[in-house]
Amino acid sequence: MKEFAELFQRLDETTKTKEKVEAMAQYFKVAPEDDRVWAIALLSGKRPKRTVNTTLLRAWCAEEVGIPLWLFEETYHIVGDLAETIALLVTQNQEKTQSLSQWVAQIIELQELGEEEKKAFILTAWKSINTRERFLFNKIITGGFRVGVSQRNMVKGLSKATGIEENLLTYKLTGNWSPQKMTYEELIFGTDENFDISKPYPFYLAYPLEQKIETLGSTDDWKVEYKWDGIRGQLIKRNGEVHIWTRGEELVTEKYPELILAAKSLPNGIVIDGEILAWKDELPMNFAFLQKRIGRKTLGKKLLTEVPVVLKAYDLIEYEGMDIRNQPQHERRTKLEALIKNYPHDNLSLSPIIKYSDWSQLIREDARVYNAEGFMIKKASGIYDVGRKKGNWWKWKVDPFTVDAVLTYAMRGHGRRANLYTDYTFGLWSEGELVTFAKAYSGLTDAEFRQVDRFVKKNTVERFGPVRQVVPELVFEIAFEAVSQSKRHKSGYAVRFPRILRWRQDKKAVEANSTVDLQHLLQEK
């Protein structure tokens, strides 16, 4: 654990990408092999399942340090991070030297133990490691391990340490591999002999188009499609088996039986990239309908009927068992069109190419007619790359919906914002009262957050644990991507990706929007 804690400190102490990459490269050169594979897993989001709930950890820590639970909770809300709070409160009184992989193995084994045995192990662990290692131990055990390093930069460090090309490493790290079942040697230097037939490819991601579209040059060089608002996924058919992966590297095959059925007729050696959409009456349904299926463990006949799903295919990245990502976009598209034509199915269709002869004919707002977020603009000669890279794929989204809403509740943030009230709840007017409409915690400058924090502290009406109700006075313009009716929300509406666009210091609370305005937006879109 010592080497991993030192790595974490080096990563935490710098904001420079080059220094972070160098720190990870050094770690992967010198750390024990068993630790390396777990470090890769943790840094890329593959955490062990939580084996102890945080309520118990809170109670055990408060008891250990001799403070009432309410005082622990107040301390936690000031610090803003449970793992750090415990790490700071508990005192080391012995020393136990164990590797990262040994600690993780013991944490996983807690699943089989009773509550008292778990408590004994954790208290002993807390008191046998230093503050920095205790912090990491807590992060791992709570399943909330995050560090300011992207997977892309982790791969850069790993590439520098091993000499293996970055794109190949990215591919090796995709899919359903487990640090409990695979060694570092097998993961990084293994051959295709034990190839996982469910393995997806790293997703290629588009950059937002912020310059004028005319700067892209001739329209002959580009293909334009709709940017659908669904779940990005890869449909895989190999050796007669069908697998569906999301962009978040979640295997979701069983959640979409319609797509399994559609893929059964496809030939083997196929990987299609596309968008999973709830679809009815020739149009995509609101994303809120798709969410009904995302959270369900079992899919009843009624839900399958109410929320039918399709895959809008827009790229082919494996064909006849061959990786074709380096072929030009127009060649991959031609193969995809032939595939869909030869193996038709109602739940698998092409994402259409939009016909136009001049950039001026592309009106972003027209995409709303098809419940799309805008356009995807793809270079006809471009390859299917890895990660978010400029040049070949651009996303040109419609402007978001906006309303002016009133700040009604506030809560302290986390991390560097732990001492400031930066997590906000906003209300809209409905029959003379403010009803909760959305929550947001991004979009203001640091100076503005400090101003709002001072307002919250001076204008608190009531407290509900860590939440403060405030005088309804401040107005903010809130942006969001979509709106839908919802019985779960007091306002009667749910919005997608709400964020603060600006602080409307020129407006009074009575001038804020109402739920009627949301209804109008819903009807207009």
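Residue numbers count from 1 along this sequence. It should be emphasised that the depicted structure is a prediction, and the values quoted were computed from it without experimental measurement.
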Participant: In the structure I gave you, are the side-chain heavy atoms of L42 and L136 within less than 4.5 Å of one another anywhere?
Facilitator: no

Participant: What pairs meet the side-chain hydrogen bond (donor to acceptor under 3.5 Å, both in side chains) rule with one or both residues in residues 262-273, with sequence neighbours excluded?
Facilitator: R232-D273, D273-Y384

Participant: So, are E481 and R499 salt-bridged, with charged N and O less than 4.0 Å apart?
Facilitator: yes

Participant: Which residues satisfy the side-chain hydrogen bond (donor to acceptor under 3.5 Å, both in side chains) test with H330, sequence neighbours excluded?
Facilitator: none

Participant: Count the heavy atoms of every other residue, nucleotide or ligand shown that sit under 6.0 Å from CZ of R388, and state whether that count exceeds 12.
Facilitator: yes

Participant: Using the side-chain hydrogen bond (donor to acceptor under 3.5 Å, both in side chains) criterion, which residues pair with S349? Sequence neighbours excluded.
Facilitator: K312

Participant: Evaluate whether atom NZ of K335 has more than 12 neighbouring non-hydrogen atoms of other residues, nucleotides or ligands under 6.0 angstrom away.
Facilitator: yes

Participant: Side-chain contact test, heavy atoms from C-beta onward, threshold under 4.5 Å: evaluate it for Y207 versus K390 and give yes or no.
Facilitator: yes

Participant: Please check if the side chain of S486 supplies one atom and the backbone of G492 the other of a donor-acceptor pair under 3.5 Å.
Facilitator: no

Participant: Could you tell me if R368 sits above the aromatic ring of F401, with its cationic atom closer than 6.0 Å to the ring centre and no more than 45 degrees from the axis?
Facilitator: yes

Participant: Donor-acceptor pair, K237 side chain versus L266 backbone, under 3.5 Å?
Facilitator: yes

Participant: State, without any angle test, whether E318 and Y201 hold a side-chain donor-acceptor pair at a distance under 3.5 Å.
Facilitator: yes

Participant: My understanding is that only residues two or more places apart in sequence, or in another chain, count here; which of them pass salt bridge (charged side-chain N to carboxylate O under 4.0 Å, His left out) with K118?
Facilitator: none

Participant: Which residues pass the side-chain hydrogen bond (donor to acceptor under 3.5 Å, both in side chains) test with Y493, not counting sequence neighbours?
Facilitator: Q519

Participant: Taking Q102 for the side chain and S99 for the main chain, is one N or O donor matched with an acceptor at less than 3.5 Å?
Facilitator: yes

Participant: So, E250 side chain and V252 main chain: donor-acceptor pair closer than 3.5 Å or not?
Facilitator: no

Participant: Can a donor-acceptor pair be found, under 3.5 Å and without considering hydrogens, that links the side chain of R238 to the backbone of K199?
Facilitator: yes

Participant: Please list, chain by chain and in numerical order, all residues satisfying side-chain hydrogen bond (donor to acceptor under 3.5 Å, both in side chains) with R502, sequence neighbours excluded.
Facilitator: E477

Participant: For the pair F426 and Y424, name the ring-plane relationship: parallel under 30°, tilted 30 to 60°, perpendicular over 60°.
Facilitator: perpendicular

Participant: Would you say the side chains of W359 and T219 form a donor-acceptor pair under 3.5 Å?
Facilitator: no

Participant: Over 60° means perpendicular and under 30° means parallel, so classify the ring planes of Y184 and F28, tilted if in between.
Facilitator: parallel

